[in-house]
Amino acid sequence: MLRSTPRARRALVTAAASLLISGCTVVGPGASGRPGVPADRKAQDALLKAAEHRLVVDCLADRGLTLTARARAPDEDRTLQAALFGAGPRELSVTLATGATVTAHEDGCLAAARARLYGDARRWFRAQVTVGNLRAEAQARMRDDPAHQEALARWTRCATPADRPRPASPDAAVAARCAKESGLDDVRARLEAVELVVVRTLHRDQLTAYRQLRDRALLRAVELPAPTPPQKGHTHS
């Protein structure tokens, strides 16, 4: 886990704030201004999801397979799963600052679809996993802060009955009341916001890659040719 002294942390926060104010973290105008690319984030996500699904279906079709919601025979199911997600050792791996390791295959149709959509499957995997876990990293970092540890100690005293040890899982109402009375909720909200700025600064290269690859994928998604009619072949259903 990446840790920093209070002085270094303040420097990172200041640097991040300067970058955000100056706009240096923005990568170009983005793809939302291009024809066919929606401006709304949810609509963009839907467009990318639909494009990825389309490319996966095309990849499976090239292997004589189709996706189906109906039950399949075990052998057929394993064949489809291997074609979809890959098989054997996982080639892609990212170890996060939290200590967790995320892995994935590079030889399945899902990876092939992402390679075509984002242009670089390995780079996209690393950027997506890193950016998707920024909040978890910020939360892990804030647990080392003295203010959080003190608030957590107050919460523990509040949630511990006077006549017996504190239960492993206190009643939800008690936990919520103690989180408010101890100030733990406020401390967590404040520290998480600060640590998010820090981790975004630490991972600015991956954030830049994420934005670049996502913008390119949005442009590729709107340029995909119309689907080809289904062809006869060996299918699993």
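Quick note: residue numbers are just sequence positions, from 1. Just so we're clear, the structure is a prediction, and the values are computed from it rather than from any experiment.
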List the atom of A51, the atom of L224, and the distance in Å for their closest heavy-atom pair.
CB-CD1, 3.8 Å

Spacing of CG belonging to L80 relative to CZ belonging to R63, to within rounding of 0.5 Å:
10.5 Å

With rounding to the nearest 0.5 angstrom, report the CG to SG distance, L55 to C109.
10.0 Å

Indicate whether the side chain of Q139 and that of E195 have a donor and an acceptor atom separated by less than 3.5 Å.
no

To the nearest 0.5 angstrom, please state how far the OG1 atom of T79 sits from the CD atom of Q81.
10.0 Å

Is L184 reachable from L191 through a run of hydrophobic residues whose side-chain heavy atoms are each under 4.5 Å from the next?
no

What I want to find out is whether E181 reaches R177 closely enough, with some N-O distance under 4.0 Å, to be called a salt bridge.
yes

Could you state the interatomic distance from CG (L207) to CG (L202), rounded to the nearest 0.5 Å?
10.5 Å

Which heavy atom of L47 sits nearest to which heavy atom of G36, and what is that distance?
CD2-O, 4.5 Å

Are the side chain of E106 and the backbone N or O of L92 linked by a donor-acceptor pair below 3.5 Å?
no

Answer yes when D58 and R54 have at least one side-chain N-carboxylate O distance shorter than 4.0 Å, and no when they do not.
yes

Between T95 and G99, which heavy-atom pair has the shortest distance, and what is it?
CG2-O, 4.3 Å

Does the pair T101 and V94 meet the rule for a side chain to side chain contact (heavy atoms under 4.5 Å, CB included), with working shown?
CA-CA 6 Å; T101 298; V94 174; over 6 Å; no

Kindly indicate, with the supporting measurements, whether the criterion side chain to side chain contact (heavy atoms under 4.5 Å, CB included) is fulfilled by R141 and V199.
CA-CA 9 Å; R141 289 172 61 90; V199 299; 3.4 Å; yes

What is the minimum heavy-atom distance between D107 and G86, and which atoms define it?
OD1-CA, 3.1 Å

Side chain to side chain contact (heavy atoms under 4.5 Å, CB included) between H203 and V131, worked out
CA-CA 8 Å; H203 298 294; V131 172; over 6 Å; no

Looking at every non-hydrogen atom in both residues, tell me the closest pair between A83 and L60 and how far apart they are.
CB-CD2, 3.8 Å

With R143 via side-chain hydrogen bond (donor to acceptor under 3.5 Å, both in side chains) - residues at least two apart:
none

Indicate yes or no: at least one non-hydrogen side-chain atom of T98 is less than 4.5 angstrom from one of N133.
no

Interatomic distance, CG@L117 vs NZ@K49, rounded to 0.5 Å, equals 14.0 Å

Within the 4.5 Å heavy-atom criterion, are H53 and L67 side-chain neighbours or not?
yes

Give the cluster check for V56 versus L65: same hydrophobic cluster or not, with ILVMFWY residues linked at side-chain heavy-atom distances below 4.5 Å.
yes

For T201, is there any backbone N or O sitting under 3.5 Å from a side-chain donor or acceptor partner on R204?
yes

Whether the T103 and S93 side chains hold a donor-acceptor pair (N or O, under 3.5 Å, no angle test) is what I'd like checked.
no

Hydrogens and angles aside, do R214 and Q44 bring a side-chain donor and acceptor to less than 3.5 Å of each other?
yes

How would you list all residue pairs meeting ring-ring contact (aromatic ring centres under 6.0 Å, His included) that involve residues 117-150, not counting sequence neighbours?
Y118-W124, W124-Y210

Got a sec, which pairs hit disulfide (SG to SG under 2.5 Å) with one end in residues 152-186, sequence neighbours left out?
C158-C178

Any sub-3.5 Å donor-acceptor pair from D120's side-chain atoms to R123's backbone N or O?
yes

Given E52, which partner from the list R114, R220, R116 fulfils the salt bridge (charged side-chain N to carboxylate O under 4.0 Å, His left out) test?
R114

Let's go through Q149 and V187 carefully: what are the C-alpha distance in whole Å and the side-chain angles of both, what is the deciding distance for side chain to side chain contact (heavy atoms under 4.5 Å, CB included) to 0.1 Å, and is it a yes or a no?
CA-CA 10 Å; Q149 293 175 349; V187 169; over 6 Å; no

